[in-house]
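Just below is one structure, and these are the notes that go with it.
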Amino acid sequence: MNQKKRFDPKTYKKRPNKRLPADDGQLYIYGLHPVIAALANTNRFKHTLYATPNAISKLEEAGANISVKVKDVTPKKLDEMLGTDAVHQGVALHVKPIERDALKDLHEKSLVVVLDQITDPHNVGAILRTACAFGADAVITTMRFAPQETGVLAKSASGALDYTSLIEVKNLGNAIQELQNHGFTCLGFDSEAETALTPDLKSEKLAIVLGAENKGLRQRTRDLCDQMVKLDMPGPIKSLNVSNAAAIALFAATS
């Protein structure tokens, strides 16, 4: 008879901090703007639209392409499905995660945002939204230490998740070098950099490289960037939320 193996804390090895893959069929995008964008994205597989009658009317008024099965639900039911913290506006779309583009697809592009281990889905979503607004071609994140595609990320991006390419890479250093081989100038941002960002950037192909708010860019990322710059702010606070910094950098890049 087999005996159950006892847990021994001395021999236990902690599993590496790896991100679980996105569930292939259990992603809910919610909120009017994210759902409208997802419905319009021909590259995204859609299952079912869960919506209140009022939300359906708003989607139709906005010209949404409702070509999926629709299930009439109450706001309470959506709260049960998504959690009470989800600002769903009466609508949720059951979808599969988007199939990611590859880094090699950017060789003819001109503006990308690179994120070095930014883990907060609200920040990544806000950066996606800003990148989309300024016409960036892609946002690049790492496979580890970066948020999965979730309803929270999609809601924070306000539809940009289905408009702007989100590319995942295994090794950020290698990705930066590949961008440079494609002619991109990689501009790293750090509040302690010696050179201030100016609005007359000359590069025709630019990669804006941003790090997490607490630790900033990792040393290898800094070393690989073509130039490190800071946002020149005269006030007593010298650092910004990373999504705000992304907006200023993109404004300067596209002026």
For residues [X] and [Y], determine if any side-chain heavy atom of one lies less than 4.5 Å from a side-chain heavy atom of the other.
X: L224; Y: C186; value: no
X: I36; Y: N65; value: no
X: L187; Y: L206; value: yes
X: L153; Y: V124; value: yes
X: L240; Y: L231; value: yes
X: E194; Y: V229; value: no
X: V152; Y: Y30; value: yes

Look only at the side chain of H182 and the backbone of F184, and say whether a donor-acceptor pair between them is shorter than 3.5 Å.
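Such a contact is absent between H182 side chain and F184 backbone.
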
K205 side chain to E108 main-chain N or O, any donor-acceptor pair under 3.5 Å?
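Side chain of K205 to backbone of E108: no pair is present.
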
Verify the cluster assignment for L39 and L27: are they in a single hydrophobic cluster under the rule of side-chain heavy atoms below 4.5 Å apart?
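Yes, one cluster joins them.
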
Treat each ILVMFWY residue as a node, draw an edge where side-chain heavy atoms are under 4.5 Å apart, and state whether V35 and V68 are in one component.
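Same cluster.
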
Tell me whether the count of non-hydrogen atoms from other residues, nucleotides or ligands lying under 6.0 Å of NZ in K109 goes above 12.
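For K109, atom NZ is not crowded (no more than 12 foreign heavy atoms under 6.0 Å).
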
More than 12 foreign heavy atoms under 6.0 Å from NE2 of H33: is that the case here?
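No, the 6.0 Å shell around NE2 holds no more than 12 heavy atoms from other groups.
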
Are a donor atom and an acceptor atom from the side chains of [X] and [Y] found within less than 3.5 Å of each other?
X: S243; Y: N241; result: yes
X: D223; Y: Q219; result: yes
X: D101; Y: S165; result: yes
X: H107; Y: N181; result: no
X: K58; Y: Q89; result: no
X: D226; Y: T185; result: no

Answer yes or no: is there an ion pair linking D190 with R222, defined by an N-O contact shorter than 4.0 Å?
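Looking at D190 and R222, the cut-off is met.
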
So does R44 pair up with E149, basic N to acidic O under 4.0 Å?
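Answer for the salt bridge query: yes.
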
In Å, rounded to the nearest 0.5 Å, how long is the span from OG1 of T150 to CG of L161?
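With rounding to 0.5 Å, OG1 (T150) is 9.0 Å from CG (L161).
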
Pairwise distance CZ(F145) to CG(L172) - rounded to 0.5 angstrom:
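Those atoms lie 13.0 Å apart.
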
